[in-house]
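Right, one structure below, let's go through it.
First the proteins, then the strands, lettered A, B, ... as listed; each starts at 1. Please read these numbers as outputs of a predicted model, since none were measured by experiment.
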There are 2 protein chains.
Amino acid sequence: MGEGPGSHADRFLKARSERASALLEDYTELIADLTAEHGEARLVDIARAMGIAHPTAAKAVSRLKREGLATSRPYRGVFLTEAGEAMAEKARIRHQLVLDLLLAIGVPAEAADLDAEGIEHHVSDETLAAFEAFLKRSGG
Amino acid sequence: MGEGPGSHADRFLKARSERASALLEDYTELIADLTAEHGEARLVDIARAMGIAHPTAAKAVSRLKREGLATSRPYRGVFLTEAGEAMAEKARIRHQLVLDLLLAIGVPAEAADLDAEGIEHHVSDETLAAFEAFLKRSGG
DNA sequence: ACAAAAATGTAGCCTTGGCTATATCTACAT
DNA sequence: ATGTAGATATAGCCAAGGCTACATTTTTGT
């Protein structure tokens with residue numbers, strides 16, 4: 001048969017890799033938020049905000065460090081690297097745009113807020129551009 | 001502070017649980033497709049369509065069986081139970097609606113096709129209803 | 001200054017979802 | 001009918017992302 005590009009497999013592979021990076025994006029976004037609010041991101045705050053136990057947050061931070069997205073010293077707060085900041089910023093923009101789009105479509109605020117979190121990681125640059133164009137069009 | 005409902009933690013918990021069920025939904029949807037096309041879903045076809053190795057597909061089928069979503073006998077095809085069919089049907093509708101919405105917004109067909117796969121699992125009933133209303137409104 | 005509380009670190013366990021390698025079974029062809 | 005190809009099963013490995021329990025370090029309060 002040879003389904004070519006756009007096959008089942010392609011879509012699933014894309015969705016899988018997005019799921020894999022979704023958590024890292026969430027963490028960088030959150031760390032950026034906490035840093036903006038409190039000057040630093042403490043493990044305990046990360047854990048509470050993510051709704052997980054601190055050892056899980058610690059593991060995640062290890063991974064962030066391993067991937068070059070964050071730095072930290074023992075018993076101190078966590079900070080983003082340049083790469084981490086970039087990822088957080090990209091996630092922030094994406095999140096806001098998805099949220100705006102949902103609201104523009106007529107999704108109730110509460111549902112939009114909840115759903116945007118999951119959706120944002122699966123929106124390609126191309127789709128994001130279309131969202132932006134739609135908002136511009138319908139907004140003004 | 002006590003952020004109350006709609007906090008970071010709530011959104012992340014929701015996104016996490018959606019990620020967990022996303023794969024099961026993908027499998028039921030795919031098995032339904034294959035069954036419609038070929039009368040049954042063979043492991044090898046499932047694996048190819050998902051872009052994974054067969055042992056991985058076999059494990060997934062075990063899990064589907066354990067969750068009461070599918071049945072199978074050794075060296076034979078996989079079939080959905082009532083519950084599995086229901087999940088597949090719901091996923092199908094959801095997928096189509098998300099795809100239609102993306103197209104209506106102006107997302108190019110190829111991007112819409114790819115992104116819908118990831119997005120569909122994070123769209124709540126409420127948001128889905130809003131999508132439907134928007135399509136009705138803008139469609140005619 | 002020192003004890004108690006809070007935060008962080010570490011160890012060890014579980015499940016999920018990937019993989020490869022190997023064994024067994026089914027189906028097909030000659 | 002039997003050998004080979006194809007499909008399925010099984011074992012065992014890995015990393016991620018959860019958890020609890022316990023150890024250590026910092027911070028705080030008196």
- request: With sequence neighbours excluded, tell me which residues meet ring-ring contact (aromatic ring centres under 6.0 Å, His included) with F131(A).
  value: none
task: List in chain and number order the residues that pass ring-ring contact (aromatic ring centres under 6.0 Å, His included) with H95(A), two or more places apart in sequence or in another chain; answer none if no residue qualifies.
output: none
message: Protein within reach of the bases, or only the backbone? For nucleotides 7-16 of chain D, mark each nucleotide 5' to 3' as B, S or -, using heavy atoms under 4.0 Å.
response: SBSBB-B--S
- prompt: Could K14(B) and E18(B) be called an ion pair, given the rule that one side-chain N must be under 4.0 Å from one carboxylate O?
  reply: yes
task: Look at R42(B) together with D45(B) and state whether they make a salt bridge at an N to O cut-off of under 4.0 Å.
output: no
message: If you only use heavy atoms from C-beta on, which nucleotide in dG18(C), dG18(D), dT20(C) is closest to the side chain of Y27(B)?
response: dG18(C)
field: Cluster check I105(B), L135(B): I/L/V/M/F/W/Y, side chain < 4.5 angstrom
entry: yes
message: Between P on dG18(D) and CG on L13(B), what's the gap in Å once rounded to a whole number?
response: 10 Å
